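In the text below, chain A, chain B and the rest are named by the order of the sequence lines, each starting its count at 1. The model shown is predicted, which means the values in this text are computed figures rather than measured ones.
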Amino acid sequence: MIQADDLIKIYKTRTGKRIAVNGVSFHVKEGEFFSFLGPNGAGKTTTIGMMVALLSPTSGRIKIDNLDVTKYPHEVRQRIGIIFQDPSLDDRLTAWENLEFHGRLYGIPGPARKKRSEFLMEVMGLSDRRHDLVRTFSGGMKRRLEIVRGLVHAPRLLILDEPTLGLDPHSRRNVWEYIHTVRKEVGMTVFLTTHYLEEADGSDRVAIINQGKIVALDSPERLKKSLGPEVLILKVQDKEAFRNYLFDCYPSITEAIREEEGGQLSFPMPQERAESPWEFLRSLPFPILEASIRRPNLDDVFIRYTGQGLADGGQGKNSGGDQ
Amino acid sequence: MTEKVMDQWSLVLPSTQPPLADRMTRDLGGIYTLWLRDVIRLWRDRIRLVGSFIQPLLFLFILGGGLSPRLGALGGARGGQSLGYQDFLFPGIVGMSVLFTASFAGVAIVWDREVGFLKEVLVAPLSRTAVVIGKILGGATNSVVQGSLILALMPLFHLHPHLGQIAGAFLVMILIGLTQTSVGILLGVRMTSSQGFMVLMNFIILPLFFLSGALYPLDRLPSWLSLASRLDPMTYGVDLLRHALTGIHYFSVATDLLTLGGFLLVISFLSVHLFNKTD
């Protein structure tokens, strides 16, 4: 469905140039739920801009449904439904008028437009508000309406750019429930960008993107497994000495060591050691004040591949824990 | 219900560039859609229509009513009959009303950018040319409706155009509306703040209005003012309107039409060109 090969996008700025996307390649299969996980400014939205022909790549190529985006921009757009990061509804029109507008712009004939709009409004739980002005809608309802709108022209690919940005936790969960429902009903390919781990966790495959580059790409399960089965969280007396010891003895995990809020150090169980975490703990020449174990999550994966947490903003390449 | 919808779901999509005729149809549909949206919004905001009715009334009844008794009959260089000032002023104020409304129609594109709606339009399978044309038509419609409200006051004045002349006046309002909306859109294409647009527009709109001959006859002007008036494209629109409604005119219909039409073509071409190059 999506074939991106070595995409590069360089912006000219006043002070020189900024590389927003630096050699990104990925292929998304038909029907797949694919995520871009990365901090703000990682190049996610720029990549989407190139997918919908709003931006032209500085170099590289991108094909959607086997069509070159630069050569066939309108044919590609006809196949894409997109939910932008920022709201893009006309709030002086009613929900229904927004859908009509969209359907007409995409050349969908009246009866099909009406049928799909009604069906999708039903699925997204908006039927009873269809003739209300959009300005009276809550943030979550606007998002759901945008998703309905993005699907009215029956796209093969749905692009969700940070679809829950700015929503409260309750609305976020609610919007996701609806996204899963509509995906089950309609079954299109989904391309998601997010910096929320739990959102990427539900996808078939995740590309972790940082500073314009994909640093890891696999299913969430495999990415987590690549860290080993456990993450250890330890509290010791002399943190720095312990950190140095880990650097010296277990180079494979140096990138992934992170300081937790309570001052503990967390890191995946080193794969140099074949024995159990218990054995590993006993082998450490430090008194352990506190120890706990948990399964790796995508945040650990992110730290492992980028040297920092998602919340840290993804700028430098130092370890992210020195708060 | 679900099954029926799913039937319609698999749309047959062309896999390569469709023939020119298909692309034209798609763009025409898009132009109509953009226009329709502006009309719906106009209808929804009809209070605003009434609000912008006030200013022309001030000109007509206070400026016109105040000056009329002191000014003798005004005639045109080419027009046969002479008229009182208020009657002379009337076509100019119809033109003003179209001019002002059309100018600020350009702000719509800036608003759309500000609230994010422009992106929805830009990712649609539609050429940028169609987007600009749709916006120009929408803005022009808005301004012609506004102008018609003033035109409807005609029975209050000593003007007796026949139906053909009124139809002519409508065509001229459309032409002025298209031209001035294009100017607004040309300015709005690159702008990101509607406040900035308003400030800029105020700089442009008043000279256009004052120089257009809406308020005074164009013969016997000091030469610098005469030259400035001739450089103002609005002059030819007001001249046409006055010609249609009163018979008074300073230029030939051909001169008026060619100047105004030529200006419209250049400005709308520039808007399309600039919009095509904007990210």
Residue D27(B) versus chain A: region with a heavy atom under 4.5 Å: neither
Atom CD1 of I47(B) with >12 non-hydrogen neighbours under 6.0 angstrom: no
Pairwise distance CH2(W111(B)) to CZ(R92(A)) - rounded to 0.5 angstrom: 7.5 Å
Distance (rounded to the nearest 0.5 Å) between D86(A) CG and F117(B) CZ: 15.0 Å
F53(B) atom CZ: more than 12 heavy-atom contacts under 6.0 Å: yes
Closest non-hydrogen atom pair, V123(B) against Y106(A): O-OH, 3.4 Å
R149(A) bridged to E120(B) by N-O distance under 4.0 Å: yes
Audit row: R44(B), E97(A), salt bridge (Lys or Arg N to Asp or Glu O under 4.0 Å) steps and yes/no: CA-CA 12 Å; R44(B) 201 141 286 157; E97(A) 283 164 349; 2.6 Å; yes
Portion of L133(A) that has a non-hydrogen atom of chain B nearer than 4.5 angstrom: side chain
N-O pairing of R37(B) and E100(A) below 4.0 Å: no
H27(A) atom NE2: more than 12 heavy-atom contacts under 6.0 Å: yes
Interatomic distance, D90(A) atom CG to L118(B) atom CG [nearest 0.5 angstrom]: 12.0 Å
Heavy-atom neighbours of R61(A) CZ exceed 12 at 6.0 Å: no
Nearest-0.5 Å distance, CG of residue L126(B) to NE2 of residue H74(A): 7.0 Å
Contact summary for V121(B) and L105(A), nearest pair of heavy atoms: CA-CD1, 4.3 Å
K119(B) side, atom NZ; D161(A) side, atom CG - distance, nearest 0.5 Å: 8.0 Å
Test item: L36(B) and R104(A) side chains (from C-beta on) under 4.5 Å apart, heavy atoms: yes
Where S88(A) and G116(B) come nearest, the two heavy atoms and their spacing: CB-O, 3.2 Å
Shortest non-hydrogen contact from F101(A) toward L34(B): CZ-CD2, 3.8 Å
Residue I82(A) versus chain B: region with a heavy atom under 4.5 Å: side chain
